[in-house]
Amino acid sequence: MAIVQIIPIAASAGITGFESPAADYHELPLSLDALLIEHPSATFIGRAQGRSMEGVGIFDGDILIVDRHIQVQQHDVVVATFRGEFVCKIIDLKNRALLSAAPGFAPWGVSAEDQFCIEGVVIRSVRCHRPSYLLQEV
């Protein structure tokens with residue numbers, strides 16, 4: 001389990017440059033899984049594909065942390081299986097529809113005949129700014 005240490009660094013506006021990082025050093029041990037995952041036994045991780053959720057800050061390649069334990073609410077971002085595919089969309093429970101968060105994407109109505117199952121609520125998304133060999137597809 002990785003431990004992250006937070007080092008706050010404040011920049012000075014004067015001619016002295018940057019304040020010494022050691023001046024305000026505070027060691028706060030924190031595991032990323034404790035920070036990001038609330039229900040470990042009910043959580044899975046997926047990867048976003050496409051541009052339809054950019055309006056809520058989910059971009060192509062982002063890592064999605066999905067919690068199956070959380071009760072789904074109106075307009076939650078969810079991962080669902082819809083017509084045999086995994087999708088990440090905003091759920092409109094009142095109108096039985098899946099909504100995108102970017103212009104140019106029509107809502108998808110969910111009928112009683114559709115294969116549809118909500119897999120969980122997206123509780124966090126993580127953006128990688130550099131490629132990782134750990135995330136490469138096999």
CZ of Phe59 to OG of Ser52, rounded to nearest 0.5 Å, is 11.5 Å
| query | Backbone N or O of Ala97 within a donor-acceptor pair of the Asn95 side chain at under 3.5 Å? | reply | no
Could you see if Met53 belongs to whatever hydrophobic cluster contains Val87? Use Ile, Leu, Val, Met, Phe, Trp, Tyr and a side-chain cutoff under 4.5 Å.
no
TODO: Could you check if a side-chain atom of Val77 sits within less than 4.5 angstrom of a side-chain atom of Lys89, using non-hydrogen atoms only?
DONE: no
Output for pair (Gln49 CD, Phe86 CZ), nearest 0.5 Å, gives 12.0 Å
Should Leu98 and Phe116 count as side-chain neighbours, where that means a heavy-atom distance under 4.5 Å?
yes
CD1 (Ile58) and CZ (Arg51) are apart, to the nearest 0.5 Å, by 14.5 Å
| query | Any side-chain heavy atom of Gln73 within less than 4.5 Å of one from Val121? | reply | no
Problem - Ile90 and Ser100, any side-chain heavy atoms less than 4.5 Å apart - result: no
Interatomic distance, CD1@Ile118 vs CG@Asp76, rounded to 0.5 Å, equals 8.5 Å
Might you confirm whether atom NE2 of His69 has over 12 heavy atoms from other residues, nucleotides or ligands at distances under 6.0 Å? no
**Message:** Please say yes or no: joined through hydrophobic side-chain contacts below 4.5 Å, possibly via intermediate residues, are Phe44 and Val78 part of one cluster?
**Reply:** no
Does Arg124 reach the main-chain N or O of Ile65 with its side chain, forming a donor-acceptor pair under 3.5 Å?
no
- Message: Do Leu99 and His75 have side chains that approach each other closer than 4.5 Å (heavy atoms only, starting at C-beta)?
- Response: yes
Between the CG atom in Asp62 and the CZ atom in Arg47, the distance rounded to the nearest 0.5 Å is 9.0 Å
*asked:* Using the rule given for side-chain contact (heavy atoms from CB on, under 4.5 Å), can you reason through Cys88 versus Val122, listing the C-alpha separation, both sets of side-chain angles and the distance that settles it, and then say yes or no?
replied: CA-CA 8 Å; Cys88 176; Val122 176; 4.2 Å; yes
Practice problem: Could you check if a side-chain atom of Gln115 sits within less than 4.5 angstrom of a side-chain atom of Phe82, using non-hydrogen atoms only? | Solution: no
- Sub-4.5 Å side-chain heavy-atom contact between Glu38 and Asp67: yes
Exam field: side chain Thr81 to backbone Gly84, donor-acceptor pair closer than 3.5 Å: no
Shortest non-hydrogen pair, Glu119 vs Arg68, comes out as O-CG, 2.9 Å
Salt bridge (charged side-chain N to carboxylate O under 4.0 Å, His left out) filter on Asp60, not counting sequence neighbours, yields none
* Could you walk me through whether Asp92 and Gln74 pass the side-chain contact (heavy atoms from CB on, under 4.5 Å) check? -> CA-CA 6 Å; Asp92 182 348; Gln74 176 74 351; 3.0 Å; yes
Would Val79 and Trp108 show up in the same hydrophobic cluster when neighbours are defined by side-chain heavy atoms closer than 4.5 Å? no
Distance col, row Leu36:CG vs Ile123:CD1, nearest 0.5 angstrom, shows 8.0 Å
Item to complete: Please step through salt bridge (Lys or Arg N to Asp or Glu O under 4.0 Å) for the pair Arg83 and Asp114, ending with a clear verdict.
Response: CA-CA 6 Å; Arg83 299 178 183 164; Asp114 283 320; 2.9 Å; yes
#### Entry: Sub-4.5 Å side-chain heavy-atom contact between Val66 and Ile45
no
Practice prompt. Could you tell me whether the side chain of Arg127 and the main chain of Ile63 form a donor-acceptor pair under 3.5 Å?
Written response: no
